[in-house]
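FYI, the numbering just counts along the sequence from 1. Counting convention: from 1, in listed order, for ligands and their atoms alike.
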Amino acid sequence: VKCIGILTSGGDAPGMNAAIRAVTRAAIYNGLQVKGIYRGYKGLVTGEIKEFKSQNVSNIIQLGGTILKTARCKEFTTPEGRQQAYDNMKKEGIDALVVIGGDGSLTGARIFAQEFDVPCIGLPGTIDNDLYGTDTTIGYDTALNTILDAVDKIRDTATSHERLFFVEVMGRDAGFLALNGAIASGAEAAIIPEFSTEVDQLEEFIKNGFRKSKNSSIVLVAESELTGGAMHYAERVKNEYPQYDVRVTILGHLQRGGSPTAHDRILASRLGAAAIDAIMEGQRNVMIGIEHDEVVYVPFTKAIKNDKPIKKELVNVLRALSI
Ligand code: ADP
């Protein structure tokens with residue numbers, strides 16, 4: 001391998017810039033040439049590619065978003081689109097690819113690597129933390145801290161008015177942000193997709209906790225078709241328990257932004273450097289993760305299995321501490 005291409009794809013996450021910087025610098029440090037590919041797979045298909053020197057990634061470690069931009073790319077899901085992407089890679093002399101993104105992006109990388117003889121290395125970049133084989137993903141910690149800031153503020157007004165607040169957080173079909181956000185902010189409950197069909201989480205919360213000893217409550221709800229979202233629960237409470245004063249806050253895209261936390265910057269830096277180590281070692285088609293503070297290589301198929309488990313212990317902690 002002489003030249004690597006780097007791209008960010010799918011949903012953006014704080015810390016992606018720190019990862020771009022780490023991959024670029026580690027590659028140059030190891031004598032490789034680096035090309036930045038803009039707008040995810042789109043830039044590979046259209047040829048929006050530029051050589052990156054060390055200065056191209058100066059002063060970006062602290063920035064949210066991604067300087068390479070990101071996009072969702074329909075063409076790349078077709079064999080013709082991927083052929084075009086491959087042709088552009090060859091034209092640019094790129095002989096390995098580092099893809100920073102979520103499970104969709106890594107699925108694309110897996111398929112692309114299968115079709116063409118191109119080493120692809122994935123880095124877990126998503127605030128949802130839903131990739132298997134890594135303790136956390138780039139952006140997750142920052143999003144969690146953003147949620148804390150917001151919930152702390154909501155609590156001020158919730159306690160003043162004796163209200164029941166449903167706060168909707170992101171996470172797609174994973175409850176990590178909702179559950180850990182609830183524990184960290186001292187919220188009374190979290191409604192998460194992992195348990196949505198097993199138990200009536202609202203019923204449980206109302207029966208066990210709400211108004212036993214408190215005059216206001218905050219419930220974090222993971223946005224997901226499986227939970228139905230915060231609005232769904234607010235409507236239910238309005239119908240079933242009209243005595244409660246219910247409010248809804250949907251945090252939305254503010255969870256995607258902001259300067260990455262120390263945790264996410266360090267994670268992104270370690271993963272970025274490890275991606276280049278992996279390429280130098282001849283690894284291909286793996287996602288780099290960190291588990292128990294060690295760098296690990298996770299086959300794409302395992303990383304995107306989509307069943308990263310939620311620890312039951314965390315559910316119990318929240319339950320015990322919210323009485
Ligand atoms: P994320 O990476 O955040 O999960 P998406 O699911 O939107 O985001 O995926 C990002 C991009 O990855 C898609 O726009 C597409 O270009 C590519 N991709 C996703 N799934 C596939 C697939 N099955 N085959 C090829 N490319 C895919």
Once rounded to the nearest 0.5 Å, what's the spacing between atom [atom1] of [X] and atom [atom2] of [Y]?
X    : Y    : atom1 : atom2 : result
I191 : H232 : CD1   : NE2   : 8.0 Å
N285 : I121 : CG    : CD1   : 7.0 Å
N129 : D141 : CG    : CG    : 10.0 Å

Enumerated ligand 1 atoms positioned under 4.0 Å from heavy atoms of [X]:
X    : result
F76  : 16 (O), 25 (C), 26 (N)
R172 : 4 (O)
G108 : 25 (C), 26 (N), 27 (C)

Please say whether [X] places an N or O atom under 3.5 Å from an N or O atom belonging to ligand 1.
X    : value
T107 : no
K74  : no
A71  : no
G101 : no
G102 : yes
R72  : yes

For this session: Work out which heavy atom in L164 is nearest to a heavy atom in V237; give both atom names and the distance.
Result: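 Residues L164 and V237, closest heavy atoms: CD2-CG1, 4.1 Å.
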
Closest non-hydrogen protein atom to [atom], residue and atom name please, with distance?
atom                    : value
atom 11 (C) of ligand 1 : S9 OG, 3.6 Å
atom 8 (O) of ligand 1  : G10 CA, 3.3 Å
atom 2 (O) of ligand 1  : S105 OG, 2.5 Å
atom 22 (C) of ligand 1 : I111 CD1, 3.8 Å
atom 6 (O) of ligand 1  : G104 CA, 3.3 Å
atom 3 (O) of ligand 1  : G11 N, 3.0 Å

Problem set entry | Expected output: side-chain T137 to main-chain T126 donor-acceptor under 3.5 Å | yes

For this session: Select one of side chain, backbone, both or neither to describe which atoms of Y41 lie under 4.0 Å from any atom of ligand 1, heavy atoms only.
Result: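 For Y41, the contact with ligand 1 is made by the side chain alone.
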
Exercise. Which is it for K42 and ligand 1 at heavy atoms under 4.0 Å: side chain, backbone, both or neither?
Worked result: neither

Problem set entry | K308 to Y132, cation-pi by 6.0 Å centre distance and 45° axis angle | no

For this session: Tell me whether the guanidinium CZ or amine NZ of K238 lies under 6.0 angstrom from the six-membered ring centre of Y244 and within 45° of its axis.
Result: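 Negative - K238 is either too far from the ring of Y244 or too far off its axis.
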
Can you confirm whether the side chains of [X] and [Y] place a donor and an acceptor under 3.5 Å from each other?
X    : Y    : result
E51  : Q33  : yes
Y233 : E168 : no
R265 : S259 : yes

Exercise. Do you know which of D135, D293, D277 makes salt bridge (charged side-chain N to carboxylate O under 4.0 Å, His left out) with R270?
Worked result: D293

Problem set entry | Minimum non-hydrogen distance to atom 15 (C) of ligand 1, winning option of C73, A109, A85 | C73

Exercise. Below 4.0 Å from any atom of ligand 1, is there a heavy atom belonging to E75?
Worked result: no

For this session: Report the relative orientation of the aromatic rings in Y38 and F52; use parallel for angles under 30°, tilted for 30 to 60°, perpendicular for over 60°.
Result: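 Because their plane-to-plane angle is over 60°, the rings of Y38 and F52 count as perpendicular.
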
